[in-house]
Amino acid sequence: MQAYRLQQQILSKTVLRGTARRFYAQTSKPAPPPTLPEPEMFSDTSRPRPYSTRPQRDLPQIKSSWPTVLVSLILAGSGWAIFMKYATNQEKISSSVFRSIMRSLKADPQLHEKLGDAIRPQPEWWLNGDPRILGHISQLQGNIDVSFRIKGSKGAGTIYFTSIRKEKGTPYTV
């Protein structure tokens, strides 16, 4: 401990004078020369060695049968078809055409006489309370042909709406 303090004092004095030197540890014995391993002599070419010393096992065989593959394909295809039906129905519900039809239905006095107040689309349980809209809406091609169920306080009914545009730039014919 005293040697360390002495070394620190000398170091601080030399740093203050501007002549700093490095102090290295002094060993009394020189390091022994490295020993090299004895070279091995081979009489023939080398052979490849196994990568691991564990015993090799066979991989488990998975038996694939056609009924399993067929059932999984049918389930995947029907799941995709159900999703596409739901997604296109949601697209029709959120279209401006459907909202415009509903606005005109709610303002029609003859419909209020037949169905009563609170006219709204009839919900379906399997569509999570949304109405089912049949037909297609293709405004770019000029064809709108939809039908859906509506209900009011007195009764229910089906609305059929068809609109065609004969040329680009002309208004739709309802």
Can you tell me how far the [atom1] atom of [X] sits from the [atom2] atom of [Y], to the nearest 0.5 Å?
X: Leu105; Y: Ile150; atom1: CG; atom2: CD1; value: 5.0 Å
X: Lys114; Y: Ile119; atom1: NZ; atom2: CD1; value: 12.5 Å
X: Ile159; Y: Ser147; atom1: CD1; atom2: OG; value: 10.0 Å
X: Leu134; Y: Thr158; atom1: CG; atom2: OG1; value: 9.0 Å

For this session: Take Asn143 and Ile164 through the side-chain contact (heavy atoms from CB on, under 4.5 Å) test and state the conclusion after the steps.
Result: CA-CA 5 Å; Asn143 287 332; Ile164 299 171; 4.1 Å; yes

For this session: Assess whether atom CG of Leu140 is packed by more than 12 heavy atoms of other residues, nucleotides or ligands within 6.0 Å.
Result: no

Considering non-hydrogen atoms only, spot the tightest contact between [X] and [Y] and give its length.
X: Ser95; Y: Ile137; answer: OG-CD1, 3.6 Å
X: Arg120; Y: Ala118; answer: NH1-O, 2.9 Å
X: Gly129; Y: Pro123; answer: O-CB, 3.1 Å
X: His112; Y: Lys154; answer: O-NZ, 4.5 Å

Exercise. Can you tell me if Asp145 uses its side chain to pair, donor with acceptor, with the backbone of Tyr160 under 3.5 Å?
Worked result: no

Problem set entry | Contact check, side chains of Ile101 and Val146, non-hydrogen atoms, under 4.5 Å | yes

With sequence neighbours left out, what residues match [X] under side chain to side chain contact (heavy atoms under 4.5 Å, CB included)?
X: Trp126; answer: Glu124, Arg132
X: Ala156; answer: Gln122, Arg149, Lys151
X: Glu91; answer: none
X: Thr68; answer: Ser65

Check side chain to side chain donor-acceptor pair (under 3.5 Å) between [X] and all other residues, then give those that pass, not counting sequence neighbours.
X: Ser153; answer: none
X: Thr88; answer: none
X: Ser94; answer: none
X: Asp130; answer: none

Please report, to 0.1 Å, the donor-acceptor pairs under 3.5 Å made by any side chain of residues 32-40, with sequence neighbours excluded.
none

Exercise. What residues, two or more places apart in sequence or in another chain, satisfy ring pair (Phe, Tyr, Trp, His ring centres under 6.0 Å) together with Phe148?
Worked result: Phe98

Residues 166-174, side-chain donor-acceptor partners within the protein, below 3.5 Å, at least two apart:
unit_1, atom_1, unit_2, atom_2, d
Thr170, OG1, Glu167, N, 3.4
Thr170, OG1, Glu167, O, 2.7
Tyr172, OH, Gln139, O, 3.0

For this session: List, by chain and number, the other hydrophobic cluster members for Ile82, where Ile, Leu, Val, Met, Phe, Trp and Tyr join if side-chain heavy atoms come within less than 4.5 Å, directly or indirectly.
Result: none

